[in-house]
Protein chains: 2
Amino acid sequence: METPPPELRRDPVTGVWSILATGRSRRPGAVPGAGAEPACPFCPGNEGLTPPEVWAAGRDGSPPDTPGWTVRVVPNLYPAFMPEARGRGWRRGTRTGRPARGEHEVIVNSPHHDRSLGDMEPAEAAGLLRAWRERYRHFASRPSVKHVQIIINHKREAGASLDHPHTQVFVMPMVPRAVADELREFRRFPGGKCPLCASVEEAREDKRTVAENGTCTCFVPYAARGPFEMRLAPLHHQPDFAAVEDGVLADMAELLIRTLGGLSKVLGNPAYNLWLHSSPCDGKDHRRYHWHVEVVPRIIVSAGFELSTGMCLNVLAPEEAARLIRQACA
Amino acid sequence: METPPPELRRDPVTGVWSILATGRSRRPGAVPGAGAEPACPFCPGNEGLTPPEVWAAGRDGSPPDTPGWTVRVVPNLYPAFMPEARGRGWRRGTRTGRPARGEHEVIVNSPHHDRSLGDMEPAEAAGLLRAWRERYRHFASRPSVKHVQIIINHKREAGASLDHPHTQVFVMPMVPRAVADELREFRRFPGGKCPLCASVEEAREDKRTVAENGTCTCFVPYAARGPFEMRLAPLHHQPDFAAVEDGVLADMAELLIRTLGGLSKVLGNPAYNLWLHSSPCDGKDHRRYHWHVEVVPRIIVSAGFELSTGMCLNVLAPEEAARLIRQACA
């Protein structure tokens, strides 16, 4: 049976947009415990188990869809956004929606099945972040694209459906609510200043800084939503990830390795969600925005309080969380 | 060591308020696998294991903090909001906060350790909902209280730290973001109509209605955020849960039993979060709001996409979810 293309639907009570992507119910792990583990489609030699690659780094003459790559990009087999989802939006009473037009890619982080970002060598991680930037630039320049969301779900408990470390790229026809909320915060912050730039200095005062290098910093936010949340950002104000220089990218890669390594030591390789927030590519002026990376370990079950209020409940002082990770990654 | 009272902190990048409540790190289950299971503090005979009760139903002469109750209310030992958290808010650069003044109560749903709301007799469930209303009214009339959030976390996977079914009541000094967002949706809906009233009729048209009785309905929302989300509401428009009549309360109780029972049959007693959204008690005019109950089964791990975008990814058509639960509870 043909699966209908994914669609975006807006709830008339909450205002939340959801993607209805029934094709994703067939992805591995969508039904827990369904059958034996098949071969890893992201390991070298198994390239034929994925759709044809759209980009790869590290090939030295080897043909596409064969081993020899260091980073490999393929379309997601179970996309949340699809180029085929075209057409106009609709509104029938409270039923508001539009086709979920866009793309959904998987970046295989490395050929190594067991090597997560925190375990990489600096050059390897820098190569991965250059792949992020490459795909970001590739999509952000298209007029139909309003936002590109890059994420890593580390381990099954964080929502990963395959163990082999990978990044997902969601190419979206709209600016999502969480990013729109952040844009508003940046726009409204008093004195025309950047709240992220200001909070970097405050983190140092409060001893919430986890680690820094020449161009990047990592700190636990004052209002961390849970234990060991970390925010990483370039020290120099920069709205758009597409504009990041190689040197800053390498520094961000080094800092990610170091702080994720510290987190892993403190918590014993925890599941985490990691995402990159950059200014949307909707053609508007977002010069007050400051791109950053967020890391949220999945050690607490968010529950009815969080769902019903949109607030968070944190039981660990951010200063203490920062101290523990700082010690572990020193 | 004295635990500091909980405080509310606002993130300058996301705008999200988080509660820093370090005392909650001592609650049972906060550290997974720590020690053997102690006696259940919510079972009859163990009343001495909780703080003294503040309210109870069903006592026929038995003294407080002894068996004989049908519903029992105690302060939460690990509160997210406390009356002692007094004083003014602060703003130091980006560091914005205020004391988390309020209350945090536990309503023990029944004396039975293994009887969840979906397993109750109608009269028993109606008694529980009358207890919700009693505590709601008790707090909503106080000038310092702006919102009362009632939730059930069913099972550990949904965030419950104790197995004995219970309700939590969060008494808050502010209207939380998720409720403020809903108020805006109700206010802005075209034609001065109620979007929830309108969606009830549409759910019938689309066959997304799960069950109805004389005064209440249960349906799967058009833009359900995940598989088997259910929304329950009184058919007659009513903003404020404090105003609900006994008859409607009994009907809501009956409908909750029936639809949670159906959900349990389809999914095998899944973990779920359940919450009640009523118009805030901040003294403003919320007559366009419509109180309702939301049920979200925890069968999908929300991951980096949801966290980074504030959107949801649903793999099951709402019409299909409604059909399955409807059949199971017919």
Side-chain angles (χ1 to χ4, degrees), chain A residues 9-22 24-25 30 80 93-95 149 151-153 157-159 168 170 176-179 181-182 184-185 189 195-196 198-199 202 221-225 273-275 277 296 301-305 307-317, chain B residues 9-22 24-25 30 80 93-95 149 151-153 157-159 168 170 176-179 181-182 184-185 189 195-196 198-199 202 221-225 273-275 277 296 301-305 307-317:
Chain A
R9 293 181 171 194
R10 185 176 191 281
D11 190 275
V13 169
T14 62
V16 172
W17 284 91
S18 292
I19 304 170
L20 181 60
T22 52
R24 281 180 65 80
S25 62
T94 76
R95 290 160 293 197
Q149 186 56 58
I151 67 157
I152 290 179
N153 296 331
E157 306 92 299
Q168 292 185 68
F170 296 87
R177 174 185 273 207
V179 176
D181 286 346
E182 293 194 358
R184 200 173 48 237
E185 293 301 318
F189 193 71
L196 184 42
S199 63
E202 292 169 359
Y222 176 72
R225 70 195 87 193
N273 298 110
L274 177 155
W275 64 89
H277 266 173
V296 174
V301 179
S302 83
F305 176 73
L307 285 166
S308 63
T309 62
M311 296 169 64
C312 298
L313 238 173
N314 184 7
V315 300
L316 181 68
Chain B
R9 293 180 171 195
R10 186 176 190 282
D11 190 275
V13 169
T14 62
V16 171
W17 284 91
S18 291
I19 304 169
L20 181 60
T22 52
R24 281 179 67 80
S25 62
T94 77
R95 290 161 292 198
Q149 186 55 57
I151 67 157
I152 290 180
N153 295 332
E157 305 92 299
Q168 294 185 68
F170 297 87
R177 174 185 274 209
V179 176
D181 285 345
E182 293 193 358
R184 200 173 46 237
E185 294 300 317
F189 193 72
L196 184 42
S199 63
E202 292 169 357
Y222 175 72
R225 70 194 87 194
N273 299 109
L274 177 156
W275 64 89
H277 267 173
V296 173
V301 179
S302 82
F305 176 73
L307 286 165
S308 63
T309 62
M311 296 167 66
C312 298
L313 238 172
N314 185 7
V315 300
L316 182 68

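Letters go in sequence order (proteins before strands), and every chain restarts at 1.
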Q | Interatomic spacing from SG in B:Cys312 to CZ in A:Arg9 - rounded to 0.5 Å | A | 13.5 Å
(Q) Which residues pass the side chain to side chain donor-acceptor pair (under 3.5 Å) test with A:Asn153, not counting sequence neighbours? (A) A:Asn273
Q | Heavy-atom pair count under 4.5 Å with chain B, highest-scoring of A:Arg225, A:Met311, A:Arg184, A:His277 | A | A:Met311
Q. Can you tell which of A:Asp181, A:Ile152, A:Ile151, A:Asn314 has the highest number of heavy-atom pairs within less than 4.5 Å of chain B?
A. A:Asn314
Q: Heavy atoms only, distances under 4.5 angstrom: which of B:Ser308, B:Gly310, B:Ala178, B:Ala303 has the most pairs with chain A? Name it, please.
A: B:Ser308
Q) Heavy-atom distance under 4.5 Å between the side chains of A:Phe189 and B:Thr94, does that happen here? A) yes
Q.
Looking only at heavy atoms and a cut-off of under 4.5 Å, which of B:Glu202, B:Glu157, B:Glu182 has the most pairs with chain A?
A. B:Glu202
Check residues 11-21 of chain B and write down every donor-acceptor pair under 3.5 Å in which the side-chain atom is one partner and the other belongs to a residue at least two apart or another chain.
residue : atom : partner  : partner atom : Å
B:Asp11 : OD1  : A:Arg231 : NH1          : 3.3
B:Asp11 : OD1  : A:Arg231 : NH2          : 3.2
B:Asp11 : OD1  : B:Val13  : N            : 2.8
B:Asp11 : OD1  : B:Thr14  : N            : 2.9
B:Asp11 : OD1  : B:Thr14  : OG1          : 3.4
B:Asp11 : OD2  : A:Arg231 : NH1          : 3.1
B:Asp11 : OD2  : A:Arg231 : NH2          : 3.1
B:Thr14 : OG1  : B:Val16  : N            : 3.1
B:Ser18 : OG   : A:Ala223 : O            : 3.4

**Q.** Side chain / backbone / both / neither for A:Ala158 at chain B, heavy atoms under 4.5 Å
**A.** backbone
(Q) If we define contacts as heavy-atom pairs under 4.5 Å, which of A:Pro176, A:Ala224, A:Gly93 has the most with chain B? (A) A:Pro176
Q: Identify which part of A:Phe170 has an atom lying under 4.5 Å from any heavy atom of chain B, answering side chain, backbone, both or neither.
A: side chain
Q. By a 4.5 Å heavy-atom criterion (distance strictly below it), what part of A:Gln149 contacts chain B: side chain, backbone, both, or neither?
A. side chain
